[in-house]
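As structure tokens, the structure follows; a few thoughts come after it.
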Amino acid sequence: MSEVKLAEVSMKSSLKSVGEHGSYVFRHNLKITQLGKSGQIDEAIKVFQHMTHKNTVTHNSMISAFAKNGRISDARQLFDGMPQRNIVSWNSMIAAYLHNDMVEEARQLFDKMPTRDLYSWTLMITCYTRNGELAKARNLFNLLPYKWNPVCCNAMVAGYAKNRQFDEARRLFDAMPAKDLVSWNSMLTGYTRNGEMRLGLQFFEEMTERDVVSWNLMVDGFVEVGDLNSSWEFFEKIPNPNTVSWVTMLCGFARFGKIAEARRLFDQMPIRNVVAWNAMIAAYVQNCHVDEAISLFMEMPEKNSISWTTVINGYVRMGKLDEARQLLNQMPYRNVAAQTAMISGYVQNKRMDDARQIFNQISIRDVVCWNTMIAGYSQSGRMDEALHLFKQMVKKNIVSWNTMVAGYAQVGQMDAAIKIFEEMKEKNIVSWNSLISGLTQNGSYLDALKSFMLMGHEGQKPDQSTFACGLSACAHLAALQVGKQLHQLVMKSGYVTDLFVSNALITMYAKCGSISSAELLFKDIDHFDVVSWNSLIAAYALNGNGREALKLFQKMEVEGVAPDEVTFVGILSACSHVGLIDQGLKLFKCMVQAYNIEPLAEHYACMVDLLGRAGRLEEAFQLVRGMKINANAGIWGALLGACRIHGNLELAKFAAEKLLEFEPHKTSNYVLLSNMQAEAGRWDEVARVRRLMKEKGAEKQPGWSWIELQNRVHAFLSEDPAHPRAVELCHILRSLTAHMRNTGDMPLECLL
DNA sequence: CTAGGGTTAG
């Protein structure tokens with residue numbers, strides 16, 4: 001009721017202004033609309049602010065101008081502060097949200113608005129279909145009194161078609177009493193944008209009337225599926241190609257590296273607008289011709305913010321950060337996209353302080369900008385700063401959440417990662433993969449597999465990354481049966497050809513001791529990479545088949561595949577396991593001299609192990625002392641182990657002390673040292689080590705063990721009374737230990 | 001001033 005009155009008042013006031021200042025207001029309203037459409041938002045604001053008389057239409061025009069330039073919060077502020085609102089004001093604000101992908105806000109406004117018209121309903125239907133909520137869109141559509149209005153109907157057809165509901169779209173399309181060109185093109189868009197070019201072509205031939213949009217859709221559709229020949233064939237047949245047609249074809253060439261063809265098109269174009277110039281510059285940037293991009297940028301008559309952003313991105317891609325920064329500084333109206341490109345450049349080069357400086361300059365930041373910054377901090381391991389920004393963010397999207405999960409996982413803070421993951425309202429495949437890969441990388445293999453299962457229950461299908469992580473977890477658990485099941489799933493899913501997956505499969509079979517399956521898989525791979533070779537080499541090394549590992553290494557050299565640092569970790573450990581001391585030393589030398597690979601801590605650990613096992617402790621120690629890099633726990637652990645075997649107490653003490661600097665909480669290190677002291681009868685030292693252990697707060701870490709039974713992985717915590725069959729288990733274990741003692745097989749813990 | 005297809009470029 002009150003709204004009707006309000007509308008009347010608004011009507012009266014606008015009639016009044018027509019009388020007194022009519023042409024003045026009308027002129028300026030039009031100006032605002034034009035400036036808004038052409039991207040000159042600052043000019044539009046100036047006109048708005050200087051107007052002496054404004055009416056509701058003035059405000060509505062300004063809302064649309066803001067919306068078209070991404071200034072959604074300004075639009076809303078204006079909407080909220082308007083003296084009077086009519087139905088167009090509401091519709092314009094809903095449209096503003098729709099065009100800025102803020103479907104939820106649009107819906108809230110739609111629910112609140114006092115009266116609705118055809119515009120409102122059509123807007124909302126589009127909102128729902130953009131969000132994939134087709135049922136809700138259809139419900140609205142069915143309620144409409146004027147649903148056979150072609151505009152409204154087209155919105156529904158387009159919604160179905162874009163969401164691959166071709167049958168529903170077609171049914172509605174066929175039922176339409178009055179079809180226009182947009183109706184036909186709406187259907188066609190569904191096919192071409194979804195890569196269904198067979199159906200698209202069929203439909204295109206059915207069309208009684210076509211315009212340049214229809215043709216452009218076909219050209220772009222063929223580009224999308226990588227069929228450049230058909231694309232070109234259609235492009236040449238377009239009766240009156242417009243700039244969009246030319247640019248679409250140009251981009252098609254650029255995407256497939258045909259830069260000369262793209263340039264030829266650019267030169268032949270009858271009209272070159274800013275978009276065309278930008279497309280050509282982007283074509284050069286995509287194909288790493290930054291110099292050409294720059295010279296074209298200099299030449300172009302009129303530059304917009306996209307032109308600047310493209311060349312800045314070009315420099316960033318080539319790692320020329322200073323040049324990029326210079327351009328950014330020269331840019332007349334710096335926008336978020338350009339600034340974000342710069343931030344992303346700094347982030348990639350771990351220059352977080354420079355990135356932060358740019359970030360702080362930006363007044364209105366978008367999600368991408370925030371996410372880039374957060375990703376930068378998490379990739380640098382600065383999770384506190386990442387979290388600080390994350391909490392400050394008002395509008396987070398799924399990428400923001402995923403970045404945090406991955407960041408915490410990377411620095412080993414899995415509790416924090418899980419907490420963020422569980423707080424997520426919406427999860428996608430990346431969210432799950434971040435969690436599962438985090439669990440795998442941090443040694444929680446069982447939880448990784450559990451999450452893999454849970455993901456399936458929640459309706460998310462695994463992709464190549466999920467499979468690679470799941471298989472890696474199986475490898476570490478030596479869970480052959482579960483691994484085989486994953487293999488089955490991989491084959492059904494069609495990811496068998498993925499190199500990461502194939503390599504993970506090889507490693508899984510190898511670590512589960514099924515070396516023949518690993519070999520079989522290796523033979524089946526079409527295009528292997530160095531990782532495939534490494535996987536099988538490591539497989540042989542792990543299974544004590546050092547000679548086979550070395551043979552494979554030779555074969556790899558014969559086939560011209562350059563080994564990398566991981567390859568050498570594999571073959572050096574193979575040599576160590578089999579006791580090929582001289583061979584190992586030779587290969588180590590060869591790695592440095594012939595392959596120019598700087599030895600990593602892992603390589604030194606292998607060498608220490610190799611020399612240590614052979615009793616050449618002094619040599620091993622000299623090797624460690626001569627290293628350019630810092631020693632790590634692996635190296636000192638290997639040395640300590642060797643000292644243990646050969647009873648060198650002095651060196652053991654030294655190695656143990658170093659080792660405890662890295663792993664002060666690991667009980668087994670103290671136990672090893674204490675046992676050695678005990679064997680030597682140094683009881684005072686034994687007591688000292690025990691004391692040290694208490695001081696450092698090292699506690700006995702519960703040992704997890706696992707076993708596969710009937711295709712399920714069962715986990716056991718040592719001294720776990722909670723296990724339903726603990727008593728039974730202990731009984732069996734005791735008899736097994738006794739049996740092993742009798743037969744001479746010593747259980748592991750008796751060796752310590 | 002607000003709604004449907006196409007807007008190709010960052």
Side-chain angles (χ1 to χ4, degrees), chain A residues 14 25-26 29-30 32-34 36-37 55-65 67-68 86-96 98-99 116-127 129 146 149-159 161-162 176 179-190 192-193 210-221 223 241-252 254 273-283 285-286 293 303-314 316 335-341 344 368:
Chain A
S14 85
V25 177
F26 183 80
N29 289 349
L30 209 64
I32 291 174
T33 307
Q34 284 166 351
K37 276 185 185 161
N55 62 12
T56 310
V57 178
T58 317
H59 287 86
N60 294 348
S61 304
M62 197 60 223
I63 289 175
S64 298
K68 288 199 172 83
N86 61 16
I87 198 162
V88 179
S89 321
W90 288 87
N91 288 342
S92 301
M93 196 60 225
I94 293 175
L98 170 64
H99 295 140
R116 303 176 182 98
D117 64 2
L118 187 55
Y119 281 86
S120 333
W121 295 100
T122 313
L123 273 164
M124 204 54 221
I125 286 171
T126 312
C127 274
T129 58
Y146 18 56
N149 168 295
V151 174
C152 195
C153 234
N154 288 342
M156 198 62 230
V157 170
K162 276 188 186 156
M176 281 174 76
K179 288 188 261 285
D180 59 11
L181 242 173
V182 177
S183 323
W184 286 91
N185 283 340
S186 299
M187 267 314 291
L188 184 62
T189 312
T192 60
R193 288 269 136 152
R210 300 166 187 141
D211 66 359
V212 69
V213 172
S214 332
W215 286 95
N216 291 349
L217 280 170
M218 292 304 285
V219 174
D220 191 48
V223 167
N242 61 8
T243 315
V244 177
S245 326
W246 286 88
V247 174
T248 306
M249 196 62 234
L250 191 159
C251 293
N273 59 10
V274 200
V275 177
W277 283 86
N278 288 347
M280 194 60 227
I281 292 174
V285 166
Q286 274 165 34
K303 303 171 178 64
N304 65 11
S305 62
I306 293 180
S307 332
W308 286 88
T309 310
T310 309
V311 279
I312 290 173
N313 244 326
V316 164
N335 66 358
V336 207
Q339 285 162 314
T340 306
S344 126
V368 180

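No experiment lies behind these values; they were computed from the predicted model shown. Basis for what follows: all heavy atoms, side chains included, without hydrogens, waters or symmetry-related copies. All chains are named by letter (A, B, ...) in the order of the sequence lines, taking the proteins before the strands, and each is independently numbered beginning at 1.
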So, using ring-ring contact (aromatic ring centres under 6.0 Å, His included) as the criterion, who are the partners of A/Trp184 when residues are at least two apart?
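Listed in chain order: A/Phe173, A/Phe203.
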When all nucleic acid strands are considered with a 4.0 Å heavy-atom cut-off, which category describes [X]: base, sugar-phosphate, or nothing?
X: A/Arg210; result: nothing
X: A/Ala158; result: sugar-phosphate
X: A/Asn335; result: base
X: A/Thr126; result: sugar-phosphate
X: A/Leu118; result: base
X: A/Gln286; result: sugar-phosphate
X: A/Lys179; result: nothing
X: A/Asp180; result: base
X: A/Ser92; result: sugar-phosphate
X: A/Lys303; result: nothing
X: A/Asn216; result: nothing

Under 3.5 Å side-chain donor-acceptor pair for A/Asn335 and A/Ser305:
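Note: A/Asn335 and A/Ser305 side chains meet the donor-acceptor criterion.
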May I ask you to test the [X]-[Y] pair for a side-chain heavy-atom distance under 4.5 Å?
X: A/Val213; Y: A/Asn216; answer: no
X: A/Asn154; Y: A/Asp180; answer: yes
X: A/Val212; Y: A/Val244; answer: no
X: A/Asp211; Y: A/Asn185; answer: yes

Going 5' to 3' along DNA chain B, between which two nucleotides do contacts with chain A fall, using a heavy-atom cut-off of 4.0 Å?
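The protein-touched segment is B/dC1 to B/dG10.
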Check side-chain contact (heavy atoms from CB on, under 4.5 Å) between A/Val274 and all other residues, then give those that pass, not counting sequence neighbours.
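Per chain and number, A/Val274 pairs via side-chain contact (heavy atoms from CB on, under 4.5 Å) with A/Asn278, A/Met300, A/Glu302, A/Asn304, A/Ser307.
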Roughly how far apart, to the nearest Å, are B/dT8 and B/dG4 at atom P?
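Between the two P atoms, the distance is 15 Å.
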